[in-house]
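Reading through the structure tokens given below for one structure.
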Amino acid sequence: MLLTLPRVLDEQALYEARKLLAAGRWTGGRHTAGRQSAQVKDNEQLDPMDAGTIKLQQLVLQAMERHLLFFSAALPKKIWPPAFNRYAGGQTYGDHVDQAIRTQAQMRLRSDLSCTLFLSQPDEYEGGELVTRIGQVEHRVKGRAGDAVLYLGHTVHRVEPVTRGERLASFFWIESLVRDPGQRELLFNMDQALTALRSRDGESAEAVALMGTYHHLLRMWSDT
């Protein structure tokens, strides 16, 4: 799975986010990486205890909660508090896989899905593509500011060196109500088909029947 989530942040929210990023306190980014990942990680991150970072986290989480495509695809049970990173001057993050279990204070999360929310426009920097490897195929993403990309947590991925400008983004992980990625994708495809059917035909008998099947499968597969 590799899914683009358009317009997670609208222009006003993006403006507020950029102001907070500009005023933030940046530190080395290796403290959030595992042992293997830390060896290939070179970037900066906002201090998670800074008041501006907490405001940014709230802004991003509220936007994600409103985004219907995100909810349909991720079926979120828990969302890790968003972090914010910056790449410039050749900084990069080599091939790595995100940790399966993340623990912080009273929160423990299984990283079923990873999400990157772009906060810089593509023409503001060179390089910096998010590269994910699915099977033997590499996918390169350089999203518009305000868009996000959702991908499986066990996917090998990297951020290419940023050779001009700076790349700003938020990143976080999601524990899904449905652990199995195949089941989750089936539910997503069914939900998207149901949405199209209801848009075309309204609350038809077929739409009601498909909705019933969707929720029956969700009951079978979800862990609340």
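Heads up: numbering here begins at 1 and tracks the sequence. All values below come from the heavy atoms of this structure, side chains included, with hydrogens, waters and symmetry mates left out.
- In this structure, the side chains of R144 and F118 stay at 4.5 Å or more apart for every pair of heavy atoms.
- Cluster annotation: L68 and I174 are assigned to distinct hydrophobic clusters (Ile/Leu/Val/Met/Phe/Trp/Tyr, side-chain heavy-atom contacts under 4.5 Å, transitive).
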Show, in sequence, the C-alpha distance, side-chain angles and deciding distance for I79 and W173, and conclude whether the side-chain contact (heavy atoms from CB on, under 4.5 Å) test is met. CA-CA 6 Å; I79 301 177; W173 300 276; over 6 Å; no

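- Inter-residue side-chain proximity for R198 and E203 is flagged as met; some heavy-atom pair is nearer than 4.5 Å.
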(message) Walk me through whether S222 and K77 qualify under side-chain contact (heavy atoms from CB on, under 4.5 Å).
(response) CA-CA 10 Å; S222 62; K77 179 180 180 180; over 6 Å; no

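- The heavy-atom pair separating E160 from T92 by the smallest distance is C-OG1, 3.7 Å.
- Closest non-hydrogen pair, F84 versus L56, comes out as CZ-CB, 3.4 Å.
- Within the 4.5 Å cutoff, the side chain of L46 has no heavy atoms near those of the R25 side chain.
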*asked:* Using side-chain contact (heavy atoms from CB on, under 4.5 Å), reason through Q183 and F188 one step at a time and then give a plain yes or no.
replied: CA-CA 9 Å; Q183 293 172 347; F188 173 64; over 6 Å; no

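- With R7 contributing its side chain and G146 its backbone, the two residues share no donor-acceptor pair below 3.5 Å.
- Checked by atom type and distance alone, the side chain of S204 pairs as donor or acceptor with a backbone atom of A207 at under 3.5 Å.
- Placement of L69 and F71 in two distinct hydrophobic clusters is found when ILVMFWY residues are connected by side-chain heavy-atom separations under 4.5 Å, directly or transitively.
- Note on residues 133-168: pairs passing ring pair (Phe, Tyr, Trp, His ring centres under 6.0 Å), not counting sequence neighbours, are H96-H157, Y151-H157.
- Checked for salt-bridge contact, R133 and D95 meet the test: a charged N lies under 4.0 Å from a carboxylate O.
- Taking hydrophobic clusters as Ile, Leu, Val, Met, Phe, Trp and Tyr residues chained together by side-chain heavy-atom distances below 4.5 Å, L2 does not share a cluster with V137.
- At distances below 3.5 Å, not a single donor-acceptor pair connects side-chain atoms of Q58 with backbone N or O atoms of K55.
- We find the CZ-CG distance between R18 and L168 to be 5.5 Å, quoted to the nearest 0.5 Å.
- The environment of R179 atom CZ is sparse: at most 12 non-hydrogen atoms of other residues, nucleotides or ligands sit within 6.0 angstrom.
- Looking only at distances, no side-chain donor or acceptor of T155 sits under 3.5 Å from a matching main-chain atom of T132.
- Without hydrogens or angle criteria, R158 side chain to Y93 main chain gives no donor-acceptor distance under 3.5 Å.
- Of the possible polar contacts, one joining the E124 side chain to the Q121 backbone as a donor-acceptor pair under 3.5 Å is found.
- No side-chain heavy atom of Q104 sits less than 4.5 Å from a side-chain heavy atom of L109.
- The nearest pair of heavy atoms linking G153 to V97 is O-CG1, 3.9 Å.
- Side-chain polar atoms of Q192 and S72 form a donor-acceptor pair below 3.5 angstrom.
- Here the side chains of V162 and Q91 are not in contact, with every heavy-atom distance at 4.5 Å or above.
- Proximity of a side-chain donor or acceptor of R184 to a complementary backbone N or O of V178 within less than 3.5 Å is detected.
- Of all the heavy atoms in P6 and T4, the pair that sits closest is CD-O, 3.4 Å.
- Of the residues R102, R108, R110, the one that meets the side chain to side chain contact (heavy atoms under 4.5 Å, CB included) test with E175 is R110.
- Enclosure of atom CD1 in I101 by more than 12 non-hydrogen atoms of other residues, nucleotides or ligands within 6.0 angstrom is indicated.
- Under 3.5 Å, the side chains of D98 and S114 contain a donor-acceptor pair of N or O atoms.
- Within the model, atoms CH2 of W80 and OG1 of T103 stand 6.5 Å from one another, a figure rounded to the nearest 0.5 Å.
- Across L187 and W221, no two heavy atoms sit closer than the pair CD1-CE3, 3.8 Å.
- Under a 3.5 Å cut-off, the side chain of K78 and the backbone N or O of M107 do not form any donor-acceptor pair.
- For the atom pair CG (L218) and NE2 (H216), the distance works out to 11.0 Å, reported to the nearest 0.5 Å.
- With hydrogens and angles ignored, the 3.5 Å screen pairs a side-chain donor or acceptor of Q57 with a backbone N or O of P82.
- M211 and M190 fall within the same hydrophobic cluster, where Ile, Leu, Val, Met, Phe, Trp and Tyr residues are linked whenever their side-chain heavy atoms come under 4.5 Å apart, directly or through other members.
- To the nearest 0.5 Å, atoms CG (D191) and CG (L75) are separated by 8.0 Å.
- Between L117 and F171, every side-chain heavy-atom pair lies at or beyond the 4.5 Å cut-off.
- Under a hydrophobic-cluster definition in which Ile, Leu, Val, Met, Phe, Trp and Tyr are linked whenever side-chain heavy atoms come within less than 4.5 Å, directly or via other members, L130 and I134 are assigned to the same cluster.
- Here the side chain of S176 pairs a donor or acceptor atom with the backbone of A74 at under 3.5 angstrom.
- Contact annotation: the side chain of L3 never approaches that of V149 to less than 4.5 Å [non-hydrogen atoms, C-beta and beyond].
- Taking every heavy atom of both residues into account, A73 and L150 meet most closely at CB-CD2, 3.9 Å.
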Does V159 form a side-chain contact (heavy atoms from CB on, under 4.5 Å) with Y87? I'd like the steps, not just the answer. CA-CA 9 Å; V159 176; Y87 293 82; 3.8 Å; yes

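- Considering CG of D180 and CD of E185, their distance stands at 10.5 Å, rounded to 0.5 Å.
- Taking CG of L14 as the reference point, atom CD of E11 lies at 8.0 Å (rounded to 0.5 Å).
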